[in-house]
Chemist: 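Pasting a structure here, questions to come.
Every number for a ligand or one of its atoms is a count from 1 in the order of the listing. When a residue number appears, it is its place in the shown sequence, counting from 1.
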Amino acid sequence: MNHGDRAYRALHLALADADAPECSGDDRFILEHHELAADEVKHLRLTVCGPCPLRTLCRAYGDAARPQAGIWGGKVYPPPKPRKRAEVDQ
Ligand code: SF4
């Protein structure tokens, strides 16, 4: 089990013991990162994730797994930019 799996398990267990978080059923929280404007993510981070009691575990999962869709603990994880090839002297 890797770090992302352990973080997901911890979040899953906490969700089972908690009331449904405010993001539950809100489609904005499962969109791919390019489908959300930065100001919308900021708004959701402050108003929904900020007061969420699961935020620490949710962010820990996001930081560990870097899911390519969704908002996790108020954060999105866009894919890494492709590396530029190093120029080779000829
Ligand atoms: S911190 Fe995670 S569980 Fe809580 S509202 Fe935000 S996305 Fe949902």
Side-chain angles (χ1 to χ4, degrees):
M1 185 182 284
N2 65 29
H3 186 54
D5 292 338
R6 284 190 295 276
Y8 183 79
R9 182 168 169 72
L11 176 60
H12 180 73
L13 290 172
L15 277 164
D17 287 340
D19 293 333
E22 198 173 326
C23 65
S24 183
D26 186 333
D27 289 345
R28 294 174 297 177
F29 283 82
I30 59 173
L31 295 174
E32 293 192 27
H33 76 277
H34 65 272
E35 297 177 286
L36 278 166
D39 59 342
E40 179 76 352
V41 174
K42 182 179 179 183
H43 171 73
L44 294 171
R45 178 178 69 235
L46 294 174
T47 61
V48 179
C49 297
C52 177
L54 300 170
R55 184 169 51 95
T56 300
L57 289 172
C58 191
R59 175 67 70 89
Y61 169 69
D63 288 347
R66 303 192 64 79
Q68 298 299 295
I71 298 174
W72 300 90
K75 191 173 176 184
V76 296
Y77 296 87
K81 292 181 179 164
R83 289 184 179 178
K84 289 184 180 174
R85 287 185 167 197
E87 291 189 28
V88 179
D89 291 335
Q90 294 183 7

Chemist: Strictly under 2.8 Å of atom 2 (Fe) of ligand 1: which protein N/O/S atoms qualify?
Modeler: Cys58 SG

Chemist: Counting heavy atoms not belonging to Asn2, are there more than 12 under 6.0 Å from its CG?
Modeler: yes

Chemist: Could you work out, with side chain to side chain donor-acceptor pair (under 3.5 Å) as the rule, every residue matching Glu40, not counting sequence neighbours?
Modeler: Arg28

Chemist: To the nearest 0.5 Å, what is the distance between NE2 on His43 and CG on Leu36?
Modeler: 11.5 Å

Chemist: Checking Phe29 now: which residues fulfil ring pair (Phe, Tyr, Trp, His ring centres under 6.0 Å) with it, not counting sequence neighbours?
Modeler: none

Chemist: Identify, with sequence neighbours excluded, every residue that meets salt bridge (charged side-chain N to carboxylate O under 4.0 Å, His left out) alongside Asp5.
Modeler: none

Chemist: To the nearest 0.5 Å, tell me how far Trp72 CH2 sits from Tyr8 OH.
Modeler: 6.5 Å

